[in-house]
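A note on names: the letters A, B, ... follow the listed sequences, proteins ahead of strands, and every chain is numbered from 1. In this text the structure is predicted, and so the values were computed from the model without any measurement.
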2 protein chains.
Amino acid sequence: MARKQSAADAPLRLDNQICFAVYSAAHAFNRVYKPLLDRLGLTYPQYLVMLVLWERDDVPVKDIGERLFLDSGTLTPLLKRLEAAHLVKRTRSSDDERLVLIALTPQGHALKEKARAVPQSILAASDCSVSELVTMKDEIVALRDRLNAVTGE
Amino acid sequence: MARKQSAADAPLRLDNQICFAVYSAAHAFNRVYKPLLDRLGLTYPQYLVMLVLWERDDVPVKDIGERLFLDSGTLTPLLKRLEAAHLVKRTRSSDDERLVLIALTPQGHALKEKARAVPQSILAASDCSVSELVTMKDEIVALRDRLNAVTGE
DNA sequence: TCACATTTAATTGTTCGCAATTGAATACGC
DNA sequence: GCGTATTCAATTGCGAACAATTAAATGTGA
């Protein structure tokens with residue numbers, strides 16, 4: 001019984017787990033982003049929120065949450081920190097008082113220009129062609145969506 | 001100038017970011033794992049630590065950290081919780097008193113049998129062939145390692 | 001040998017991430 | 001129109017994740 005590791009254990013080996021690959025890759029990205037985002041005064045999740053708002057602002061918290069798969073327990077304090085940093089303004093909708101609309105401040109809009117340098121630095125760190133990255137991204141998104149389908153979106 | 005979105009903004013669009021694909025996939029995995037791991041009384045990072053220990057225990061905290069890319073700030077409290085759950089024992093090495101060796105308790109060893117059901121449930125949720133998953137995993141690991149090389153391992 | 005650097009865990013403080021609950025506003029069903 | 005259900009954000013509590021610091025043990029060089 002040659003046991004490089006018992007064959008029955010293969011499914012439990014760390015190096016065979018795609019989830020660990022994804023989990024550790026996410027952390028690796030975070031570490032690359034950290035120094036770049038420090039210059040913008042943002043954390044990575046805050047950067048994601050800003051990406052959403054740079055596409056379209058004056059949107060309810062819920063919309064941001066659906067886009068990023070985050071809930072109000074995460075977003076409420078994060079958005080308060082962005083407000084404290086004068087990057088966004090939070091106002092109750094007059095149409096529907098349940099909604100809190102998130103709008104960019106002038107500083108929030110302006111930060112977009114400084115942020116343009118970030119994606120190219122990440123691309124360089126990836127040490128990979130754009131087309132390869134696009135292919136991988138699409139595969140990962142497809143996997144993510146299949147996983148989300150199981151847990152009920 | 002048809003602007004589906006200004007072309008200059010493409011690098012900043014959320015849907016073009018591979019890092020967000022990875023980030024959101026990691027969360028999606030977490031949500032699938034949650035109910036499975038609840039039955040084992042583990043969180044996902046705790047499960048990763050147990051995977052490492054099921055391969056080989058009686059190892060220092062540092063070894064676990066290198067395997068999972070986590071530091072003592074994360075692992076120390078996590079391991080204390082595993083100890084409180086009677087799954088591991090933490091003892092100072094007599095050879096080198098700086099080291100804290102992590103060993104499985106009998107309950108910790110026994111939990112491995114209950115854990116064998118987990119990977120197949122994940123595979124089912126992935127709705128994907130094993131070979132496709134292996135290919136994706138290898139690509140993601142390669143990307144992760146290139147990113148880690150940039151930040152100095 | 002003895003000063004000094006390195007290694008290792010632990011600690012502290014800040015920020016996510018999420019489950020569960022709360023409370024207010026709105027929608028709906030009859 | 002009125003009671004009930006639903007929607008939405010905020011809150012609370014717990015467990016990561018990591019930077020920065022601390023403290024103890026070990027290794028190294030002169």
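Residue-level contact check: A:Pro77 touches neither bases nor backbone, having no heavy atom under 4.0 Å from any strand. Residue B:Leu75 is out of contact with every strand shown, counting any heavy-atom pair closer than 4.0 Å.
Ring planes of A:Trp54 and A:Tyr47: perpendicular class, angle over 60° (limits at 30 and 60°). Between B:His27 and B:Tyr23, the ring-plane angle classifies as perpendicular under the 30° and 60° cut-offs.
As a whole-Å value, the separation of A:Leu79 CG from D:dC8 P is 16 Å. Computed from coordinates, the B:Lys80 NZ to D:dG15 P distance equals 14 Å when rounded to whole Å. The CG atom of A:Leu101 sits 12 Å away from the C1' atom of D:dC8 (whole-angstrom rounding). Whole-Å rounding puts the A:Arg90 CZ to D:dC8 C1' distance at 13 Å. Following rounding to the nearest Å, A:Leu99 (CG) and D:dT6 (P) show an atom-to-atom distance of 19 Å.
A donor-acceptor pair is defined here as one N or O able to donate and one able to accept, closer than 3.5 Å; no such pair exists between the side chain of A:Glu139 and the backbone of B:Met136. One N or O on the side chain of A:Gln17 and one on the backbone of A:Pro11 form a donor-acceptor pair closer than 3.5 Å. A donor-acceptor pair under 3.5 Å is formed between the side chain of A:Ser24 and the backbone N or O of A:Ala21.
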Practice task
Show your working on side chain to side chain donor-acceptor pair (under 3.5 Å) between A:Arg31 and B:Thr151 and close with a plain yes or no.
Solution key: CA-CA 7 Å; A:Arg31 282 189 285 272; B:Thr151 49; 4.8 Å; no
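Contact of the A:Asp71 side chain with the A:Thr74 side chain is registered, since non-hydrogen atoms from C-beta on lie closer than 4.5 Å. By the 4.5 Å heavy-atom criterion applied to side chains, A:Leu70 and A:Ile64 are not counted as neighbours.
Scanning for salt bridge (charged side-chain N to carboxylate O under 4.0 Å, His left out) contacts around B:Asp15 gives A:Arg67, with sequence neighbours left out. Partners of A:Asp96 by side-chain hydrogen bond (donor to acceptor under 3.5 Å, both in side chains), not counting sequence neighbours, listed by chain and number: A:Arg98.
With axes fitted over five pairs at each extremity, the angle between the ends of the helix from C:dT1-D:dA30 to C:dC30-D:dG1 is 20° (10° resolution).
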Practice task
Using a 4.0 Å cut-off on protein heavy atoms (strictly under), produce a 5'-to-3' string for nucleotides 18-27 of chain D with B for base contact, S for backbone-only sugar-phosphate contact, and - for none.
Solution key: BS-----BS-
Validation: residues 78-91 of chain B side-chain donor-acceptor distances under 3.5 Å, sequence neighbours left out:
unit_1, atom_1, unit_2, atom_2, d
B:Glu83, OE1, B:Arg90, NE, 3.1
B:Glu83, OE2, B:Arg90, N, 3.2

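Chain A approaches DNA chain C over the interval C:dT15 to C:dT26, counting the first and last nucleotide 5' to 3' with an atom under 4.0 Å from its heavy atoms.
Between B:Arg81 and A:Val100, the one whose closest nucleotide on DNA chain D sits nearer the 5' end is A:Val100.
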